[in-house]
Amino acid sequence: MERTRLIGITLLIISAFTGTIAFRLATPAIAFYTRDILKASMLSVSIVSMSFVLARAFSSVLGGLLLERGKKLVYIGALAMMGNALAVQLYPLTSTWVQVAGIKLLNGFLNGLGWPMAQFVIAVTTPNEIRARVTSVYFFFGSIASLLGNYVYAYTVGWGLSGQMWISSAFFILTGLIMVASYVLLDGWIVPKRKRAPDGEKPGLDPKRVLIIASLMAVIVAFTSGEITYVYVSEALGMDKATTATLIGWAGFLAAMLSYGISWLADVRSEGRMVVLTSIMAAVSPLLAAVKTAPTVFLGIFLALFAFQSFRPISRKVLASYHRSSLAIGGVNGAQNLSTFIGGMLFGFAYSLGELHWIVTLNLALLSFLPISAALLFEAVKLKGSGG
């Protein structure tokens, strides 16, 4: 790759690192603040988490549409990222979980503009033959930051929410500035919309089928998304806040590290087979996490994160070849966020069902994902049958 393009892509990968530290530090801090200080119910905590992804679902699609009007609008994503620095300063001022949910809506809207635009840029500016692997590295650096962000949270518990949010703000501002520099360097390679051409680059899989699988997978792995994960693990296993955050961070880190192998196989072997594999892992993850023991809970969380981390770069690679790539990538982000909202609310509503005591103790909220798991497996079998 040309040196300018390489530097621009490298900067975007760094932005995934700095931005995720900002986000991941804030997530457990807000989770335990809402549950322990504001005394919110698990359903209320779910609403807080899912208000974020609902707003992000809307703005992801909006961002894709904006980019089709002109590639210079990509800078809106960088400005939105810096806007998060102001938004997180509002959390310490809240006195009810409803107020927290309102700020989460704002955070979600800003993140929905910022991250999908960055994912689009890194996908379309990277050569196709290494696209899944480079995109995987982008997400991997985010996962390293996720682990470090959880450690930062663990070591700054005594600082209080206000002190932690100042750290988060600083990293959000830094992320926005790095994105601006990257977009300046990559300007010549950013093409949001291409004319449909018979001999042009085409997706390796049907984009509509990718969208269906992405949506079903996002519903299932919603139990690993945001504040509800920290509260569930802490309460189900009786762990303290710092240990919970650290172990979840390690699960995400290991999942991201191993997901590079799936991306490599997608580039050099078969995208379709890797989608089938990740679908199977996602489908079984809530069933494992439902068994109330530390090994099964964390194995379930790991498989969910591994499946999702592996699937994301493959789906972005497929959709970057679509003639309306910015809308396609924004659309899959929107669909996944809307599906995560549905899955998170399902988990929150079903949490009151309690547990089933049999040979082992089973969480009924996680067992409620069984029908979605079956639908995902059905779609994976269809994809394999079609020769994908």
Side-chain angles (χ1 to χ4, degrees), residues 17-56 80-112 114-115 142 145-176 224-250 252 340 344 348 351:
F17 179 84
T18 58
T20 304
I21 283 184
F23 174 73
R24 188 50 65 184
L25 164 63
T27 302
I30 295 163
F32 293 121
Y33 172 76
T34 307
R35 182 68 162 170
D36 298 340
I37 305 300
L38 302 183
K39 306 299 181 184
S41 67
M42 192 61 168
L43 176 58
S44 299
V45 174
S46 294
I47 293 173
V48 168
S49 289
M50 294 308 113
S51 61
F52 175 89
V53 296
L54 182 63
R56 195 170 60 180
M81 193 58 61
M82 288 187 274
N84 279 304
L86 296 175
V88 297
Q89 290 299 319
L90 300 176
Y91 286 116
L93 306 178
T94 58
S95 57
T96 68
W97 70 265
V98 176
Q99 293 171 339
V100 175
I103 302 169
K104 272 285 182 177
L105 279 169
L106 175 59
N107 267 151
F109 182 83
L110 294 171
N111 276 270
W115 290 124
S146 180
L147 174 62
L148 291 178
N150 278 291
Y151 268 111
V152 172
Y153 166 77
Y155 282 108
T156 59
V157 167
W159 292 30
L161 186 63
S162 180
Q164 291 171 321
M165 292 306 99
W166 278 109
I167 300 174
S168 182
S169 290
F171 275 99
F172 273 128
I173 291 173
L174 177 61
T175 301
T224 66
S225 174
E227 287 76 6
I228 54 175
T229 314
Y230 293 89
V231 175
Y232 170 65
V233 171
S234 179
E235 295 184 357
L237 302 178
M239 289 183 174
D240 62 78
K241 301 171 187 177
T243 303
T244 299
T246 301
L247 290 176
I248 291 174
W250 271 107
T340 301
Y351 200 76

Tell me, do [X] and [Y] make a side-chain contact under 4.5 Å, heavy atoms counted?
X    : Y    : value
S169 : Q89  : yes
Q99  : Y91  : no
R24  : V152 : no
N84  : F171 : no
I248 : T229 : yes
M82  : F172 : no
Y351 : L43  : no

Could you give me the CA-CA distance, side-chain angles and deciding distance for Y33 and W97, then say whether side-chain hydrogen bond (donor to acceptor under 3.5 Å, both in side chains) is met? CA-CA 9 Å; Y33 172 76; W97 70 265; over 6 Å; no

Heavy-atom pair with the smallest gap, counting every atom of [X] and [Y]:
X    : Y    : value
A145 : T20  : CB-CB, 3.7 Å
S168 : A22  : OG-O, 2.9 Å
L110 : G83  : CD1-C, 3.6 Å
S51  : A101 : OG-O, 3.2 Å
M165 : V88  : CG-O, 3.4 Å
M239 : T244 : CB-OG1, 3.4 Å

Could you verify whether a donor N or O on one side chain and an acceptor N or O on the other, from [X] and [Y], lie under 3.5 Å apart?
X    : Y    : answer
T246 : T243 : no
T175 : T18  : yes
Y153 : W159 : no

Verify side chain to side chain contact (heavy atoms under 4.5 Å, CB included) between K104 and I30, making sure each step is shown before the conclusion. CA-CA 10 Å; K104 272 285 182 177; I30 295 163; 4.2 Å; yes

Verdict with reasoning, R35 to Y230, per side chain to side chain contact (heavy atoms under 4.5 Å, CB included): CA-CA 10 Å; R35 182 68 162 170; Y230 293 89; over 6 Å; no

Indicate, with yes or no, if the rings of F52 and F109 have centres closer together than 6.0 Å.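 Distance test on ring centres: not under 6.0 Å, no.
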
Taking [Y]'s backbone N and O only, do any of them form a donor-acceptor pair with [X]'s side chain (distance below 3.5 Å, no angle check)?
X    : Y    : answer
Q164 : T156 : yes
T94  : L90  : no
S234 : V231 : no

What's the verdict on side chain to side chain contact (heavy atoms under 4.5 Å, CB included) for I167 and L25, showing C-alpha distance, side-chain angles and the deciding distance? CA-CA 8 Å; I167 300 174; L25 164 63; 3.7 Å; yes

Worked check of side chain to side chain contact (heavy atoms under 4.5 Å, CB included) between F23 and N107: CA-CA 10 Å; F23 174 73; N107 267 151; over 6 Å; no

